[in-house]
Amino acid sequence: KRRLADSHHCPLGNYDNVQYHLKIKIGHRCGDAAEDQEFQVVPDTGSSDLWIPASNCTHCKSGTAKFKLKQSCSAKELGDRITFRYGDG
């Protein structure tokens with residue numbers, strides 16, 4: 001198989017050929033103390049957006065992985081707080 005030079009192996013989970021899921025890492029960690037920030041996501045092939053909950057998310061389910069801005073040397077805070085509602089269909 002031919003593979004692009006900047007691609008990498010990524011196991012893709014399959015739920016009944018209806019939903020796929022994978023683990024991704026976001027941000028560049030700062031120093032040795034910070035851990036990689038890993039998230040289990042369901043990719044939406046119909047959208048170019050990827051939303052990850054922030055550490056200050058007040059409506060996220062308990063136990064949800066949240067992005068910690070201070071543990072990333074590449075993230076920049078925009079200062080905007082947003083809320084989304086999505087519908088099916």
Side-chain angles (χ1 to χ4, degrees):
K1 292 181 180 180
R2 197 177 124 205
R3 199 166 110 176
L4 297 174
D6 61 349
S7 67
H8 63 279
H9 176 74
C10 181
L12 184 65
N14 181 349
Y15 178 74
D16 204 22
N17 286 331
V18 175
Q19 182 180 35
Y20 299 92
H21 53 92
L22 62 139
K23 288 184 181 178
I24 62 170
K25 293 179 184 175
I26 298 180
H28 290 101
R29 61 182 164 153
C30 299
D32 294 331
E35 296 179 359
D36 287 334
Q37 296 194 61
E38 189 173 84
F39 298 87
Q40 181 82 21
V41 299
V42 176
D44 180 358
T45 58
S47 173
S48 61
D49 299 329
L50 173 67
W51 299 105
I52 299 294
S55 59
N56 64 350
C57 179
T58 56
H59 296 290
C60 295
K61 280 200 250 178
S62 177
T64 298
K66 297 175 187 170
F67 185 76
K68 299 170 188 79
L69 185 71
K70 295 193 187 305
Q71 288 184 8
S72 173
C73 287
S74 59
K76 293 182 176 55
E77 186 171 8
L78 297 176
D80 299 331
R81 187 163 184 89
I82 54 176
T83 302
F84 290 97
R85 291 203 188 277
Y86 285 98
D88 293 336

Distance, nearest 0.5 Å, that separates CZ of Arg29 from NZ of Lys68: 14.0 Å
Name each donor-acceptor pair under 3.5 Å that joins a side chain in residues 10-25 to protein atoms two or more places apart or in another chain, with its distance.
{"from": "Asn14", "atom 1": "OD1", "to": "Asn17", "atom 2": "N", "distance (Å)": "2.7"}
{"from": "Asn14", "atom 1": "ND2", "to": "Asn17", "atom 2": "OD1", "distance (Å)": "2.7"}
{"from": "His21", "atom 1": "ND1", "to": "Gln40", "atom 2": "NE2", "distance (Å)": "2.7"}
{"from": "Lys25", "atom 1": "NZ", "to": "Asp36", "atom 2": "OD2", "distance (Å)": "3.3"}

side-chain contact (heavy atoms from CB on, under 4.5 Å) partners of Asp44, counting only residues at least two apart: Ser47
Student check: side-chain heavy atoms of Ile52 and Val41 closer than 4.5 Å: yes
By side-chain contact (heavy atoms from CB on, under 4.5 Å) - contacts of Cys60 (at least two apart): Pro53, Cys57, Thr64, Lys66
Pairing residues for Ser72 by the side-chain contact (heavy atoms from CB on, under 4.5 Å) criterion, not counting sequence neighbours: Gln37, Phe67, Ser74, Ala75
Hydrophobic cluster of Val42, others only, ordered by chain and residue number, side-chain cut-off 4.5 Å: none
